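To start, the structure under review is shown below, and the notes come after it.
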Amino acid sequence: MPVLAGAEPFRHEGGETAVLLCHGFTGSPQSLRPWAEHLAARGLTVSLPLLPGHGTRWEDLRMTGWQDWYAEVDRELRLLCERREQVFVAGLSMGGALALRLAAKHGDAVSGVVVVNPANKVHGLAAHALPVVRHLVPATKGIASDIAKPDSRELGYDRVPLHAAHSLRQFFRIVDGELPQVTQPVLLLRSPQDHVVPPADSARVLSRISSTDVKEVLLEQSYHVATLDHDADRIFAESTAFIGRLASGLGNEPGLGKEGTTAGG
């Protein structure tokens, strides 16, 4: 299936500091595109891949699982590490869980982690029925576009395939067990008003990681997809300052590195 207009991956060849951005479950790179462009404009090398099964139709997601999604970002991280001196990982929702696992598995190869409304668990009684129900019901209603800003919309599926949701639940359990292996500096930004991921998920992440350099920022004016919401500029500024503080040879001035070339839809 062709990729939906606006859901294309984004890549920018910038300086020696790179950022890998991971989008969320049933979403697409569109939800993180403004963030990626902000970082690219400041001279950073940026990779924002399209996860398998996403950005086309929900039926395609039904044929994939967490191993496919993680393999894609793992591959991108390895490529960035081969080409750049420092690499940071970041993500929204499930993308936050992907970023945290990359940090846990790759250790010193990851210089820092930025997560926005990171997901840690599939909640509700229905979650326990997924192993059986997924064989009976193909999909349920979507979770995309939880945004307070009236004129903003997330490009995501209007249905959630239950086979994929079951795999997501398995993935969250794996990541939860690996959180103590996360030792890198962490910037966690969360929306108190989030209708997809409850505050308990961020609290769980913060309580289990082993990082000592940790900052939590509240996004008071935004819902779940905060990267497209009222607090988007806050996310961009906080993450830029976080990377600038930790990246070798970089300051907090607007230009973090040399300008480069951009590729994407």
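Just so we're clear, the structure is a prediction, and the values are computed from it rather than from any experiment.
Under the side-chain hydrogen bond (donor to acceptor under 3.5 Å, both in side chains) criterion, Ser167 pairs with no residue at all, not counting sequence neighbours. A search for side-chain hydrogen bond (donor to acceptor under 3.5 Å, both in side chains) contacts involving Ser145 returns nothing, not counting sequence neighbours. The side-chain hydrogen bond (donor to acceptor under 3.5 Å, both in side chains) test applied to Ser47 returns Glu76, not counting sequence neighbours. Among residues two or more places apart in sequence or in another chain, the salt bridge (Lys or Arg N to Asp or Glu O under 4.0 Å) test is passed with Arg159 by none. Remark: Asp213 pairs with Arg245 by the salt bridge (Lys or Arg N to Asp or Glu O under 4.0 Å) rule, at least two apart or across chains. Among residues two or more places apart in sequence or in another chain, the ring pair (Phe, Tyr, Trp, His ring centres under 6.0 Å) test is passed with Tyr70 by none. Looking at residues two or more places apart in sequence or on another chain, you find a salt bridge (Lys or Arg N to Asp or Glu O under 4.0 Å) between Arg83 and Glu13. Residues satisfying the salt bridge (Lys or Arg N to Asp or Glu O under 4.0 Å) criterion with Asp68, sequence neighbours excluded, are absent altogether.
Side chain of Thr64 to main chain of Gly53: no donor-acceptor pair is present (N/O by atom type, distance under 3.5 Å, no hydrogens or angles). Using a distance-only test at 3.5 Å, with no hydrogens or angles considered, a donor-acceptor pair links the side chain of Glu8 to the main chain of Gly6. A donor-acceptor contact shorter than 3.5 Å links the side chain of Thr45 to the backbone of Gly15. A donor-acceptor pair is defined here as one N or O able to donate and one able to accept, closer than 3.5 Å; no such pair exists between the side chain of Glu178 and the backbone of Arg101. Judged purely by atom type and a 3.5 angstrom limit, Glu16 uses its side chain to pair as donor or acceptor with the backbone of Glu85. Between the Ser31 side chain and the Ser28 main chain, a donor and an acceptor come within less than 3.5 Å of each other.
Tracing side-chain contacts under 4.5 Å through hydrophobic residues (I, L, V, M, F, W, Y), one never reaches Leu32 starting from Leu155; they form parts of separate clusters. No single ILVMFWY cluster, assembled from side-chain heavy atoms under 4.5 Å apart, contains both Leu79 and Val89. The hydrophobic cluster containing Val214 does not contain Leu218, counting ILVMFWY residues as joined when their side-chain heavy atoms lie under 4.5 angstrom apart, directly or transitively.
A distance below 6.0 Å separates the ring centres of Phe171 and Trp66.
The side-chain heavy atoms of Leu48 and Trp35, taken from C-beta on, include no pair separated by under 4.5 Å. Using a 4.5 Å heavy-atom threshold, the side chains of Phe88 and Ser111 count as touching. Residues Leu206 and Leu188 have side chains in contact (heavy-atom distance under 4.5 Å, counting atoms from C-beta outward).
Salt-bridge annotation for Arg75 and Glu72: present, with a side-chain N of the basic residue lying under 4.0 Å from a carboxylate O of the acidic one.
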Legend entry - Intermediate values then yes/no, side-chain contact (heavy atoms from CB on, under 4.5 Å), Val87 and Val110: CA-CA 5 Å; Val87 182; Val110 172; 5.8 Å; no
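At a cut-off of 3.5 Å, with distance as the only test, a side-chain donor of His38 or Thr240 sits close to an acceptor on the other residue.
Screening residues 106-120 for salt bridge (charged side-chain N to carboxylate O under 4.0 Å, His left out) gives no qualifying pairs among residues at least two apart or on separate chains. Residue pairs meeting the salt bridge (charged side-chain N to carboxylate O under 4.0 Å, His left out) criterion with at least one partner in residues 196-206, sequence neighbours excluded, are Asp176-Arg204. Listed by first and then second residue, the salt bridge (charged side-chain N to carboxylate O under 4.0 Å, His left out) pairs involving residues 220-243 are Lys215-Glu238, Arg234-Glu238 (not counting sequence neighbours).
Relative ring orientation between His54 and Tyr157 is described as parallel, the plane-to-plane angle staying below 30° on a 0-90° scale split at 30° and 60°.
Tested against Gln30, the residues Thr227, Leu50, Leu228, Leu4 include a single side chain to side chain contact (heavy atoms under 4.5 Å, CB included) partner, Leu228.
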N/O donor-acceptor pairs under 3.5 Å from side chains in residues 189-198, not counting sequence neighbours:
| residue | atom | partner | partner atom | Å |
| --- | --- | --- | --- | --- |
| Arg190 | NE | Glu216 | OE2 | 2.6 |
| Ser191 | OG | Asn117 | ND2 | 3.2 |
| Ser191 | OG | Ser222 | O | 3.4 |
| Ser191 | OG | Tyr223 | O | 2.8 |
| Asp194 | OD1 | Val196 | N | 2.8 |
| Asp194 | OD1 | Val197 | N | 2.9 |
| Asp194 | OD1 | His224 | ND1 | 3.2 |
| Asp194 | OD2 | His224 | ND1 | 2.8 |
| His195 | ND1 | Asp146 | OD1 | 2.8 |
| His195 | ND1 | Asp146 | OD2 | 3.4 |

